[in-house]
2 protein chains.
Amino acid sequence: MSTKNKILDAAESLFADKGFNGTSLREITSLAEVNLAAVNYHFGSKKELIKAVMSRYMNELSPNLQASLLVICQQENKPTLNEVFSAFIDPLLSLNVFRENGTSNFLQLLGRGYTDSQGFLRWFLTTQYPEVITNFVTAVQRAYPELSAEDIFWRLHFTMGTVIFTMSSSDALMDIAKSDFEQQVDIADVIRKVIPFVASGVGAPLR
Amino acid sequence: MSTKNKILDAAESLFADKGFNGTSLREITSLAEVNLAAVNYHFGSKKELIKAVMSRYMNELSPNLQASLLVICQQENKPTLNEVFSAFIDPLLSLNVFRENGTSNFLQLLGRGYTDSQGFLRWFLTTQYPEVITNFVTAVQRAYPELSAEDIFWRLHFTMGTVIFTMSSSDALMDIAKSDFEQQVDIADVIRKVIPFVASGVGAPLR
DNA sequence: GTCTATAACTAGATAGAC
DNA sequence: GTCTATCTAGTTATAGAC
């Protein structure tokens, strides 16, 4: 395995766990068992390393998600909101095949991107991968045409909040569920629990 | 105004904006216009300062929220979920009287506590202020008795995620709403928008 | 490409004068 | 209680030998 990939793998799990600010290049290179200077040789800076970690996932997820949403948008019958949100399940879970713990790592990283580092990652994602958002909005509009553009805007942000926050504390939540309820849950279970919640929230009656 | 309070005020707004990890004691003391050494003199350490900032809000909010939830729990008729969640509105908004931007600062800090600093703040809040959670769970159980304890646990965390995430990016969201939809919204409006969303999410049908 | 060594800087914390 | 000065340890980043 190349040095570059060893760094990406180590950075990914440390970033997901401790945030971007909370992780030093020294921790990354020592977990990756490569030299400290290698990060700057291969990526130029810590900021570029963060982008590279996220891009590796987005390039894997984005086409799958596009395809999945396209099916929803092009089907004859009007989709339900549950169907729209369920379109995320397979693309997200396929990240687990792509990389060990891929789904939860990716979603945690996404959460970090919105809270760490004053939104530079949010800017990066929305400018580099805008189609994902556009397609999603279209799908929601088909499912619930009475929702105004403003309401879609607000409720989609509520949805992102629910998912991102849940995923960024998913390890802790799964631990609590295990100790308090003897409930053994994995990331797929969490996704299946959160979808009815957000679908119902987005579909809430208007005033 | 005392040095101690100047530090608390400065720390609060910097922490809310840039996170606990992202804010240095030097930034805090220079915004507060006090000496660097004053933090360690008055609070002992940065960690203790974080606790002090949160405690100031929790001690204000907690009794108001308790009273508000008690009314819901003791009323004759079974409450709706909308009523339960609406019990949060006044106590949260009263933080704006207590401190400038109190509502949004507090909710942003709460969000930071779940993602920064590996959950030490979550531990602090749940052990120091357990009644808040207990009363809330009781109210939800009255409104929706079919929900199991596990489901309540998960859905309440989804709710926290929605609210906390929304509030921690509320400034950005209100700006976008203004420029894209000519919609002038304030923090109270955002709260009124989010409540039907979470009430409907918590009330989603079981499988 | 990979290493050592180190520059240049920032962090939290503290000793001791006033 | 408040200050300056400083310590120790951490950070990112880079220069230059191999």
Side-chain angles (χ1 to χ4, degrees), chain A residues 1-56 108-109 112-113 115-124, chain B residues 1-56 108-109 112-113 115-124:
Chain A
M1 190 192 260
S2 72
T3 298
K4 208 166 168 172
N5 277 318
K6 281 198 274 188
I7 294 173
L8 283 172
D9 291 354
E12 170 188 319
S13 64
L14 289 170
F15 284 155
D17 195 37
K18 308 155 59 118
F20 302 118
N21 289 337
T23 305
S24 70
L25 295 185
R26 278 178 166 76
E27 290 175 285
I28 293 168
T29 51
S30 85
L31 179 62
E33 297 181 301
V34 302
N35 190 271
L36 171 61
V39 170
N40 279 288
Y41 176 79
H42 286 285
F43 298 94
S45 72
K46 185 179 178 176
K47 218 165 189 169
E48 289 301 315
L49 172 60
I50 295 174
K51 287 191 198 172
V53 168
M54 291 309 291
S55 291
R56 194 164 62 149
Q108 290 187 35
L109 290 168
R112 300 293 184 180
T115 49
D116 283 14
S117 65
Q118 251 98 47
F120 109 85
L121 197 57
R122 171 170 26 189
W123 167 86
F124 171 70
Chain B
M1 188 193 265
S2 72
T3 299
K4 210 166 166 171
N5 278 319
K6 281 198 274 187
I7 293 173
L8 283 172
D9 291 354
E12 169 187 319
S13 64
L14 288 170
F15 284 154
D17 196 36
K18 308 155 59 115
F20 303 117
N21 289 337
T23 305
S24 69
L25 295 184
R26 282 174 170 80
E27 289 175 284
I28 294 168
T29 51
S30 85
L31 178 63
E33 296 179 303
V34 302
N35 189 271
L36 170 61
V39 170
N40 279 287
Y41 177 79
H42 286 285
F43 298 93
S45 72
K46 185 179 178 178
K47 217 163 189 171
E48 289 300 316
L49 172 60
I50 296 174
K51 287 191 198 172
V53 168
M54 291 308 291
S55 291
R56 195 165 59 151
Q108 286 180 254
L109 291 168
R112 299 293 186 181
T115 51
D116 282 16
S117 64
Q118 253 97 48
F120 109 85
L121 195 57
R122 170 170 22 189
W123 167 86
F124 172 69

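Protein chains get the first letters and strands the later ones, always in sequence-line order, with residue 1 at the start of each.
Chain A approaches DNA chain C over the interval C:dG1 to C:dT4, counting the first and last nucleotide 5' to 3' with an atom under 4.0 Å from its heavy atoms.
For A:Lys4 and A:Phe43, the positive end sits near the middle of the six-membered ring, less than 6.0 Å away and at most 45° from its axis.
Taking atom NZ of A:Lys18 as the reference point, atom C1' of D:dG10 lies 13 Å away to the nearest angstrom. The separation between A:Lys47 atom NZ and D:dT12 atom P is 14 Å, rounded to whole Å. Atom-to-atom, CG of B:Asn21 to C1' of D:dT11 comes out at 13 Å; the value is rounded to the nearest Å. The separation between A:Phe20 atom CZ and D:dT12 atom P is 14 Å, rounded to whole Å. Rounded to whole angstrom, the span from the CD1 atom of A:Ile28 across to the P atom of D:dT11 amounts to 11 Å.
In this structure, B:Ala37 reaches the bases: a heavy-atom distance under 4.0 Å links it to at least one base atom across the strands shown. Heavy atoms of B:Thr23 sit under 4.0 angstrom from primed sugar atoms or phosphate atoms, though from no base atom.
Within the 4.5 Å cutoff, side-chain heavy atoms of A:Leu8 are placed close to those of A:Leu49. Side-chain contact between A:Phe124 and A:Lys51 is present, with at least one heavy-atom pair separated by less than 4.5 Å. Residues B:Leu36 and B:Arg26 meet the side-chain proximity criterion, which asks for heavy atoms closer than 4.5 Å. For the pair A:Asn21 and B:Lys18, the minimum side-chain heavy-atom distance is 4.5 Å or more.
Along DNA chain C, the nucleotide closest to A:His42 and the one closest to A:Leu36 are compared, and the more 5′ of them pairs with A:His42. With DNA chain D read from its 5' end, the first of the two nearest nucleotides for B:Asn35 and A:Glu27 is the one closest to B:Asn35. Comparing B:Thr3 and B:Arg26, the nucleotide of DNA chain D nearest to each residue sits closer to the 5' end for B:Thr3.
Of the possible polar contacts, none joining the B:Glu48 side chain to the B:Ser45 backbone as a donor-acceptor pair under 3.5 Å is found. Side-chain atoms of A:Glu12 never come within 3.5 Å of backbone atoms of A:Asp9 as a donor-acceptor pair (strictly under, hydrogens ignored). A donor-acceptor pair under 3.5 Å is absent between the side-chain atoms of B:Thr23 and the main chain of B:Phe20, judged by distance alone.
Atom NZ of residue A:Lys6 and atom NE2 of residue A:His42 lie 10.0 Å apart, to the nearest 0.5 angstrom.
For the segment residues 4-13 of chain B, the set of residues with a heavy atom within less than 4.0 Å of an atom of DNA chain D is empty.
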